[in-house]
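Here the structure is a predicted model, which means the values were calculated and not measured. Nothing fancy with the numbering, it's 1 onward along the sequence.
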Amino acid sequence: MIIDSLDNAHLYHGLGPRFVKAFEYLQQTDFSRLEKGKYEIEGNTIFAIVNEYQTVDPAGEQMESHRKYIDVQYVAKGEEQIGHDFLNGQTPSKAYDEEADYMLFGHKPAFFSRLAQHHFAIFFPSDLHMPNLTAQVQQQVKKVVIKISVA
């Protein structure tokens with residue numbers, strides 16, 4: 001997992017051309033004008049999901065992981081806390097859903113990080129994450145999750 005500011009996106013271009021394209025999309029798009037929904041960047045290989053929500057208490061949440069896609073989670077407006085951990089053979093509480101590309105884990109996060117506006121987190125299939133959490137006070141967040149195919 002990687003957590004950083006979009007100002008430093010150039011440092012991660014070495015992860016490959018799909019990451020370059022994802023960061024260019026984040027840097028060049030005015031998200032204040034985009035509605036919630038799915039936006040293709042490069043077919044099913046790279047796409048963005050724009051969402052708006054109120055942050056939530058972590059007590060009722062579970063961590064998740066993916067197999068087909070890497071998440072680049074970017075906070076366009078607001079701030080949130082995100083729990084995370086390494087996937088090390090934990091047993092899922094909800095088995096892998098092939099179509100939706102996720103499974104859930106009832107384990108508590110080992111780490112918590114604050115994602116402020118214009119910060120991003122990259123979660124690989126080996127990373128567990130619990131997003132959308134209240135940082136200091138509950139607030140409205142606009143987040144863009146770019147899905148990058150691992151294949």
* Donor-acceptor side-chain pairing of His119 and Asp4 below 3.5 angstrom -> no

* To do: Start with the C-alpha distance between Tyr12 and Phe120, add both sets of side-chain angles, then the distance that settles ring pair (Phe, Tyr, Trp, His ring centres under 6.0 Å), and finish with yes or no.
  => CA-CA 12 Å; Tyr12 307 101; Phe120 67 88; 5.8 Å; yes

* Structure fact -> Partner of Ser32 under side chain to side chain contact (heavy atoms under 4.5 Å, CB included), picked from Asp30, Leu34, Thr29, is Asp30

* Asked: Could Asp101 and Arg67 be called an ion pair, given the rule that one side-chain N must be under 4.0 Å from one carboxylate O?
  -> no

* To do: Let me see the working for His107 and Asp85 under side chain to side chain donor-acceptor pair (under 3.5 Å), right down to the final yes or no.
  => CA-CA 9 Å; His107 302 80; Asp85 202 345; over 6 Å; no

* Should Lys143 and Glu80 count as an ion pair when the cut-off is N to O under 4.0 Å? -> yes

* To do: Please find out if less than 6.0 Å separates the ring center of His66 from that of Tyr102.
  => no

* Reference residue His129; test ring pair (Phe, Tyr, Trp, His ring centres under 6.0 Å); the match among Phe124, Phe123, Phe111 -> Phe123

* To do: For residues Leu115 and Val141, determine if any side-chain heavy atom of one lies less than 4.5 Å from a side-chain heavy atom of the other.
  => no

* Under 3.5 Å, is there a donor-acceptor pair linking the side chains of Ser113 and His84? -> yes

* To do: Examine Phe47 together with Tyr25 and report whether their ring centres are nearer than 6.0 Å.
  => no

* To do: Indicate yes or no: at least one non-hydrogen side-chain atom of Gln139 is less than 4.5 angstrom from one of Thr134.
  => no

* Does atom NZ of Lys94 have more than 12 heavy-atom neighbours, drawn from other residues, nucleotides or ligands, at distances under 6.0 Å? -> yes

* Would a distance-only check, ignoring hydrogens and angles, find a side-chain to backbone donor-acceptor pair under 3.5 Å from Asp97 to Ala100? -> yes

* To do: Mind telling me whether His118 and Tyr74 have parallel, tilted or perpendicular rings, with 30° and 60° as the class edges?
  => tilted

